[in-house]
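Just so you know, ligand 1 is whichever comes first in the structure, and atom 1 is the first atom listed for that ligand.
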Amino acid sequence: MVLTTLSAIKHFALSLLAKSFLCLSVFDPSLSLSLSLKIAYREREMDSLSLFFTGSLIAFGLYWFVWIHGSAEQRGKSAADLSCGSISADKIGDKYTQYLSFFRRPKEIDTADRVPAFVDTFYNLVTDIYEWGWGQSFHFAPSHLGRTHRDATRAHEEFAADLISASPGTRILDVGCGVGGPMRAIAAHSGTRIVGITINEYQVSRARLHNKKSGLDGQCEVVCGNFLHMPFEDSSFDGAYAIEATCHAPSLEEVYAEIHRVLKPGGLYVTYEWVTTELYRPGNPDHVEIIQEIERGNALPGLRSYDQIADAARKVGFEVLREEDLARPPAGQWWSRLKMSRLAYWRNHVVVTVLAWLGIAPKGVVEVHDMLFNTADYLTRAGESGIFTPMHMVLCRKPDNRD
Ligand SMILES: C=C(CC[C@@H](C)[C@H]1CC[C@H]2C3=CC[C@H]4[C@H](C)[C@@H](O)CC[C@]4(C)[C@H]3CC[C@]12C)C(C)C
Ligand SMILES: C[S@@+](CC[C@H](N)C(=O)[O-])C[C@H]1O[C@@H](n2cnc3c(N)ncnc32)[C@H](O)[C@@H]1O
């Protein structure tokens with residue numbers, strides 16, 4: 001009896017595998033498992049007992065693939081919890097289409113007022129996928145030989161904290177804080193108090209949850225709001241930082257002016273900006289395509305050039321103390337993490353497709369994941385060609401009239 005069941009399982013599993021591979025080579029790989037299951041079931045190749053055992057085996061495999069193997073380096077979000085923020089499941093398709101049509105030609109966006117609302121939609125669509133597939137810090141970091149991505153990410157965050165002299169007794173602003181990965185790392189590293197602001201309500205709830213879980217909610221506070229009009233008093237922060245966030249602003253001067261307003265005289269501000277480098281040629285169609293695709297896949301209303309950042313800071317009254325592309329050698333490649341994850345993307349694609357098919361994840365998640373897959377490719381090309389950096393660092397100071 002046991003032997004019969006085992007051989008039936010083996011037979012079924014082999015036929016399932018063969019059909020999966022057949023489908024894999026012909027169709028979209030994500031369809032292969034579901035199709036094979038259906039075909040095998042229809043053919044009634046086994047009795048109910050072996051079907052039960054095989055079903056359990058597949059269920060366990062799926063469980064391992066999704067919940068155990070398929071979660072981010074930094075745990076917190078599993079594939080089974082993927083949602084699209086505060087967008088209800090039936091509206092995801094529409095919201096995604098609206099997002100894509102708004103960011104079709106980012107350089108030509110003439111309705112700057114509507115940018116923050118579409119950035120908010122973007123983060124409803126991607127926040128869970130980012131957390132699941134990347135971690136709680138939504139930015140890049142120079143890679144370091146022998147260091148994990150997590151350590152490299154932390155080092156990049158702590159560097160920002162040290163540049164603005166974050167320390168116990170100070171109050172620091174995190175401009176565009178995401179779900180608070182950098183905020184918690186900086187609070188733990190420096191002992192400072194941090195207030196983060198993000199346009200996305202869903203991120204606020206995620207960040208608060210993580211702050212509480214990590215026991216840092218006494219030091220870290222999160223506010224929902226637009227960094228172009230911040231709900232903070234003038235001269236109320238000792239320092240501020242923005243990590244890969246102000247690239248979403250339709251006007252850099254506007255957000256820098258707000259940061260300048262809320263900083264105390266003498267306060268320091270550091271930013272890691274997404275910019276095109278001196279190697280970017282607007283007459284080169286490959287360069288134009290890469291940059292346009294990065295803008296589209298990351299809700300950017302037109303990437304700026306590296307030489308526009310310090311100018312914008314000076315224009316609103318900052319002194320510029322230091323300016324440096326942190327991606328330059330000897331820094332390790334920031335895009336290596338994206339390249340190394342290619343196999344993981346395929347695994348993730350299969351996971352989201354199967355979960356959407358089973359009705360566990362909302363359907364639109366698959367399209368959003370495909371968009372990110374595409375953007376990862378263009379970001380890698382941008383890194384390899386050197387035409388773009390996500391870490392053009394500018395350190396500024398609000399002048400103190402008493403100096
Ligand atoms: C600063 C910004 C975000 C930067 C990065 C955190 C994200 C940019 C592209 C994202 C990703 C691309 C591919 C995804 C992959 C297909 C999926 O399976 C798992 C998540 C990704 C790796 C995802 C993770 C976050 C990014 C690297 C912008 C918005 C200004
Ligand atoms: C790529 S994420 C970076 C998040 C965080 N700095 C980190 O490194 O994890 C960009 C962040 O900027 C925020 N953002 C974009 N436009 C904004 C705006 N107009 N007002 C407030 N936050 C904004 C997004 O909501 C998101 O949290």
If you define the side chain from C-beta out and look only at heavy atoms, does anything of Phe102 sit under 4.5 Å from Thr121? no
Heavy-atom distance under 4.5 Å between the side chains of Leu163 and Arg322, does that happen here? yes
Are any of the N or O atoms of Ala245 closer than 3.5 Å to those of ligand 2? no
Sequence neighbours excluded, which residues qualify as ring pair (Phe, Tyr, Trp, His ring centres under 6.0 Å) partners of Tyr202? none
Would you mind listing which atoms of ligand 2 come within a distance below 4.0 Å of any non-hydrogen atom of Val119? 15 (C), 16 (N)
Would you check if there is a donor-acceptor pair between the side chains of Glu131 and His210 at a distance under 3.5 Å? yes
Looking only at distance, does Phe138 have an N or O less than 3.5 Å from an N or O of ligand 2? yes
Measuring from the heavy atoms of Cys177, does anything fall under 4.0 Å of ligand 2? yes
Just jot down the ligand 2 atoms closer than 4.0 angstrom to any heavy atom of Gly178, in number order. 4 (C), 5 (C), 27 (O)
Can you confirm whether Glu323 sits close enough to Met393 that some side-chain heavy atom of one is under 4.5 Å from a side-chain heavy atom of the other? no
What protein heavy atom sits nearest atom 16 (N) of ligand 2, and how far off is it? Phe227 CZ, 3.4 Å
Quick one: look up the protein heavy atom nearest atom 25 (O) of ligand 2 and list residue, atom name and how far away it is. Thr198 OG1, 2.8 Å
Does the pair Asp90 and Ser88 meet the rule for a side-chain hydrogen bond (donor to acceptor under 3.5 Å, both in side chains), with working shown? CA-CA 6 Å; Asp90 57 322; Ser88 61; 2.8 Å; yes
With a 6.0 Å cut-off on the ring centroids, do Trp134 and Phe140 count as close? yes
Which residue holds the protein heavy atom closest to atom 10 (C) of ligand 2, what is that atom called, and what is the gap in Å? Tyr123 OH, 3.3 Å
Is it the case that ligand 2 has an N or O less than 3.5 angstrom from some N or O of Gly181? no
Measure from every N or O atom of ligand 1 to the protein's N or O atoms and keep only the pairs below 3.5 Å, writing each with atom names and distance to 0.1 Å.
from: ligand 1; atom 1: 18 (O); to: Asn348; atom 2: ND2; distance (Å): 2.8
from: ligand 1; atom 1: 18 (O); to: His369; atom 2: NE2; distance (Å): 2.6

Ligand 2 to Gly225, heavy atom cutoff 4.0 Å, flagged ligand atoms 20 (N), 21 (C)
Quick one: nearest non-hydrogen protein atom to atom 8 (O) of ligand 2, plus distance? His139 CD2, 3.1 Å
Ranked by distance from atom 22 (N) of ligand 2, the top protein heavy atom is Ile199 N, 3.1 Å
What is the nearest protein non-hydrogen atom to atom 13 (C) of ligand 2, stated with its residue, atom name and distance? Gly176 CA, 3.7 Å
So, are Lys91 and Asp94 salt-bridged, with charged N and O less than 4.0 Å apart? no
Heavy-atom side-chain proximity of Phe118 to Thr111 below 4.5 angstrom: no
Can you list the atoms of ligand 2 that are under 4.0 Å from a heavy atom of Ser137? 9 (O)
With the side chain counted from C-beta on, respond yes when Asp113 and Pro250 share a heavy-atom pair under 4.5 Å apart, and no when they do not. no
Any donor-acceptor pair under 3.5 Å linking the side-chain atoms of Asp162 with those of His189? yes
Please work out whether the ring planes of Trp132 and His369 are parallel, tilted or perpendicular, with thresholds of 30° and 60°. tilted
Taking only heavy atoms of His248, which atoms of ligand 2 are found under 4.0 Å from at least one of them? 10 (C), 15 (C), 16 (N)
Which atoms of ligand 2 are found less than 4.0 Å from any heavy atom of Gln203? 24 (C), 25 (O), 26 (C), 27 (O)
Please determine whether any non-hydrogen atom of Ala242 lies less than 4.0 Å from an atom of ligand 2. no
Go through Asp174 and Tyr241 one step at a time and tell me if the side-chain hydrogen bond (donor to acceptor under 3.5 Å, both in side chains) criterion holds. CA-CA 5 Å; Asp174 181 336; Tyr241 64 88; 2.7 Å; yes
Applying a strict 4.0 Å limit to heavy atoms, is Leu228 in contact with ligand 2? no
Once the angle between the rings of Phe138 and Tyr123 is folded into 0 to 90°, is it parallel (under 30°), tilted (30 to 60°) or perpendicular (over 60°)? parallel
Check this for me - ligand 2, Pro182, N or O atoms closer than 3.5 angstrom, yes or no? no
Close side-chain approach of Glu258 to Phe227, heavy-atom, < 4.5 Å: no
Close N or O approach (Asn226, ligand 2; < 3.5 Å): yes
Between Tyr99 and Phe103, does the ring centre distance come in under 6.0 Å? yes
